[in-house]
Structures are given as C-alpha cells and as structure tokens.
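Basis for what follows: all heavy atoms, side chains included, without hydrogens, waters or symmetry-related copies.
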Amino acid sequence: MDTTVVDVTNSARDDGSLNHGSLNRGRPNHGRQDKGQLNNKNGLRQPELVISESLRFAYDTFLTNKVRFLLTALGMMIGTASLVLVVTIGLTGKQYILDQIQGIGANLIYASYSGGGQRITAVALDELTVDDLTAVREQVPSVVAASPFVTLNDRISVGNGKEQDILILGVFPEYRQVRNLLLLAGRFFDTEDSQGRSKVGVITEKLAVKLFQTPDSAVGQVIKLNGLPFTVIGVFKERVETFGQSEVEDNTMAIPYSVSRFFLPSNAVRQIYFTVASPDEVTTATAQIKRVLQSRHRPESVYNVENLTPLVNLAERTANILTVVLLLIAAVVLLVSGIGIMNIMLATVSARIREIGIRKAVGATKREIRFQFLSEAILISLIGGVLGIIIGLAIPYSVRFLTAYRIPISGLSAIIAIAVCSLVGILFGTVPAIRASQLDPVESLRYE
C-alpha cells in the first residue's frame, strides 16, 4: 500500500500539476470521520462535495497558468465592459433627448383654434381669447403659468439704406417661463411693463448680433415698430434649437401683449401656452383645459389642446430600441467569449488527463472533478467580468469627474453583468467539466 502511494506521488511530481496538498486532500482517512466525509449504514465512506476545496484548487490552477487564463478572460472583460457601456449610452441618449424636448417648454400644453366645424350658414370665427386663458387659470389648479401669443410683421431699418423683415410676438411676461427661454442679456419685461403698456421688448440673439454686433450692446437700443420707438431691454434665445419649427424665428422681437393690442383688429389670440407644476399632471390637465375651452364656445367649434407627451414617449421608445440593439451586439461578444472559455477548458482537460486520473485514484468522485473544472470556468468568467465592469463604470465616472456633463450611471447594469458572467461561465464550462468527470481513471493514469 505504501509503495503504491509513493509511485502515485512521484507521478504527480513528474506531471507538475498536482502537489502534496491536493493528494492529501484526496486521500481517504481510515478510522476517523473528517469534515467532508459521512459514514453510511454499512460503514463505508460516502464523499461529500467540499466547495471551498474545489475553489481553492481552481485558484491554484489559475495561479499556475495566469497568462493563459488572463488572455481567456480578456474576451469576457471586453464583452462585460461593452454591456455596461451600452446601458450607459442608452440612458445618456434617452436623457439627452428628453432634455431637448423639455427645453422647448417645461411641462408644456398648448391650445389653438382649429375651425368652426360644418355649418350651413356663415358665422364669425370662434377663436381663443385672453378670457379663455383666465378661465383656465381659475378652473384648472395644476396650471402654474400661461401666456397667449399673437403675431405681427413689420420691416425695420438695419442701416445703409437696408431693411429687414421682423416677426413681432405679443406675449405675457410669463412667456419666458412657459417657453423656458434663456436670457442672454438684460431682462424680460415684467407685469409692471405689461400693465403700464411700456414700449419695450426683447429680441433674439441672432437679431441682436445682426443689428448691434453683440447681445450686450443691444440692450438700451431703440427699434421702431410701425413708427413707434421700442426700447430693447433684453436678448434671449430658445434653450433648444427648434430650426424654425416654433413661433420664434431668427428675427423675432417679443413685446407685451397689452401693447400689441394697439396693432390688432380683434382680441383673438393665435395660441395659448400653459405650464403645469408636474409632468405627472400634464395628461390630466390637457383634458381639463380642453373641457374648459369647449364649454366656453360653440359646440361645433374645434380646439386642439396638445402636449409633448407623445414626443417624449416616441423618444423613449427610440432610445430603448437602440439600447436593445446595442445589447444584442454586446451579447454576441459575450457569446464569443464563452466559446473561447469552453475551448480553453477543453484544452486544459486534455492537458491534465493524467492529473484527473491521479485524483480519481486517490478518491475524487465524478462530482468533485466536474465541480473543479466548472469552478475554474466560472473563475475565469468572473475575473473578466469584474475587470470589464470596472472599465465600463470608470469611463462614465471619468466623464462626470472631468466635465460638467452628468452621464447617468446604472448600478443595475453592473449587477446584470455579474449575473451574465456567472451564467456564461456555467453554460460554457459544463461541457469540459462533464468530459473531465467521465474520464476513465485507469486509462487516464496510462495517458502520456
């Protein structure tokens, strides 16, 4: 018996892949019951899977073949980093789109007159007025700001005998809040200016540069509208570029609505903007505003009351679809990495056939062999996954630290990445582990 043990030990030394500790751990002990062993009714040894021992053995194997295992884990690291970055890119894109939409107007609702419906007799237009705005403010408590706007057109002198077409907007002081405008110089006209019918106005940045070179130099200048002098008290621009799709054009000047009434034939307004306190109240407030407007006018009159919710939903769906597509690409990378792990583990099994035979000869069971190689595959996968998560999170954190842009970071993506890495290790490590556990110990010991 002693001679046999010595021969096996020497064989293990020549192979270079098994040490005395592993042999001792696999050698059965007679006359006592150690941890990991149970006696059945017949008094025979019944081995129990020792997870800590298998993990320790997998770690020792990793240290013995660090370069090979690290190169194998490289693919998993790239795939996991891609997964984390894809989620970050998707969240960043969604946030950017939503910020652009919200830049048009925070929680914006807009109402306009669409037509008078079908009537046999001709009747006057049933357009919106400032009285409708007042009624909505009184009956819809979620509305925190509102402003109508009317449009006028005029030509102003730009010097050297040239003239420029200009769009004039008659609005309330709350127009700045409703449309989320960015003030570049000076101030916006206030309630006092509106009630006093002051001949003041604010102009767009592009018009200020065209007429007065800089926004700051435009403040205090005088522009004549319909022969009346208006003092420029501020310069503004839209927070988000709308490319001419909104009521604000490049050459636009906003004046108090009370002053614009001097140039209008009626008290009708083109459109009314409303802002509610919370995004959750937009849908409800839209329906309430429509009911109030409809109740104040003829039954056949049609009014469009809309909000930006459909646009927000479309943006979210687009961002989600883009994220899913990128995740599928990252999944392909992880699949390729898993195949690489399986190939390396199969090669490892072939290189360690004699070791497997020795372990079986000293008492290792199929389940222990299977778990040993499976734990090695999971270890490779997790090492690559953890490194990939670190890289995937380090990039957005670096952007947040070095720039003013706040990139959204999802901790859930890191948790999912760890779970995916473990799953890949289990799936692609099962085949090599089963193959190792099914090797015949006698044939394995004869293997050269």
Side-chain angles (χ1 to χ4, degrees), residues 58-59 62 65-104 239-241 279 308 311-345 374-430:
Y59 178 72
F62 170 75
N65 304 278
K66 291 190 290 290
V67 176
R68 182 176 63 185
F69 283 165
L70 286 176
L71 290 177
T72 307
L74 180 63
M76 185 61 62
M77 179 182 68
I78 296 174
T80 307
S82 301
L83 188 149
V84 175
L85 288 174
V86 159
V87 175
T88 302
I89 292 171
L91 292 176
T92 303
K94 182 184 295 186
Q95 176 180 300
Y96 176 78
I97 294 173
L98 295 179
D99 288 344
Q100 294 296 300
I101 295 174
Q102 290 297 323
I104 299 175
R239 198 170 294 272
V240 176
E241 180 63 57
L308 299 178
L311 189 59
V312 172
N313 293 336
L314 176 62
E316 289 183 340
R317 286 197 301 270
T318 303
N320 290 336
I321 291 174
L322 177 62
T323 302
V324 170
V325 172
L326 294 176
L327 281 175
L328 291 176
I329 297 174
V332 172
V333 177
L334 289 173
L335 178 63
V336 174
S337 303
I339 294 174
I341 291 175
M342 182 174 65
N343 291 334
I344 289 295
M345 292 306 300
L374 186 60
S375 60
E376 290 179 15
I378 296 174
L379 181 62
I380 297 173
S381 180
L382 286 179
I383 289 175
V386 170
L387 292 176
I389 290 172
I390 293 174
I391 295 174
L393 294 179
I395 294 176
Y397 270 116
S398 300
V399 174
R400 295 181 67 170
F401 180 76
L402 299 175
T403 66
Y405 191 77
R406 308 296 295 177
I407 292 182
I409 298 174
S410 173
L412 181 61
S413 64
I415 297 175
I416 294 176
I418 286 291
V420 170
C421 289
S422 302
L423 183 61
V424 169
I426 293 173
L427 290 178
F428 291 93
T430 299

From CA spacing to verdict: side chain to side chain contact (heavy atoms under 4.5 Å, CB included), Ile78, Leu74
CA-CA 6 Å; Ile78 296 174; Leu74 180 63; 4.3 Å; yes
Could you walk me through whether Val386 and Ile418 pass side chain to side chain contact (heavy atoms under 4.5 Å, CB included), step by step?
CA-CA 7 Å; Val386 170; Ile418 286 291; 4.0 Å; yes
Any side-chain hydrogen bond (donor to acceptor under 3.5 Å, both in side chains) involving residues 387-402? Give me the pairs, sequence neighbours left out, ordered by first then second residue.
none
Rounded to the nearest 0.5 Å, what separates atom CD1 in Ile339 from atom CD1 in Ile344?
13.0 Å
Taken to the nearest 0.5 Å, the spacing of Ile383 CD1 from Met77 CE works out to 12.0 Å
Carefully, step by step, assess Thr318 and Leu314 under the rule side chain to side chain contact (heavy atoms under 4.5 Å, CB included).
CA-CA 6 Å; Thr318 303; Leu314 176 62; 4.1 Å; yes
Any side-chain hydrogen bond (donor to acceptor under 3.5 Å, both in side chains) involving residues 319-339? Give me the pairs, sequence neighbours left out, ordered by first then second residue.
Lys94-Asn320
In short, side-chain hydrogen bond (donor to acceptor under 3.5 Å, both in side chains) pairs touching residues 76-90 with sequence neighbours left out are none
As an exercise, state the distance from CD1 of Ile89 to CG of Leu326, rounded to the nearest 0.5 Å.
6.5 Å
Looking only at non-hydrogen atoms, find the nearest pair between Ile380 and Ala73 and report the distance.
O-CB, 3.6 Å
Residue list, side-chain contact (heavy atoms from CB on, under 4.5 Å) with Leu427, at least two apart or on another chain
Leu423
Shortest non-hydrogen pair, Pro396 vs Ile407, comes out as CB-CG2, 4.0 Å
Measuring from Ile389:CD1 to Leu382:CG, what's the distance to the nearest 0.5 Å?
9.0 Å
Sequence neighbours excluded, the answer for side chain to side chain donor-acceptor pair (under 3.5 Å) partners of Asn343 is none
Write down the atom of Thr430, the atom of Leu374, and the distance for their closest heavy-atom approach.
N-CD1, 3.8 Å
Do you know the tightest heavy-atom contact between Gly338 and Val424?
CA-CG1, 3.6 Å
The criterion is side-chain contact (heavy atoms from CB on, under 4.5 Å); which residues satisfy it with Pro279, sequence neighbours excluded?
Asn107
Got a second to check how far Ile378's CD1 is from Ser422's OG, nearest 0.5 Å?
7.0 Å
Ignoring hydrogens, what is the shortest heavy-atom contact between Leu83 and Ser413? Give both atom names and the distance.
CD2-O, 3.9 Å
What are the two closest non-hydrogen atoms of Leu327 and Val86, and how far apart are they?
N-CG1, 3.6 Å
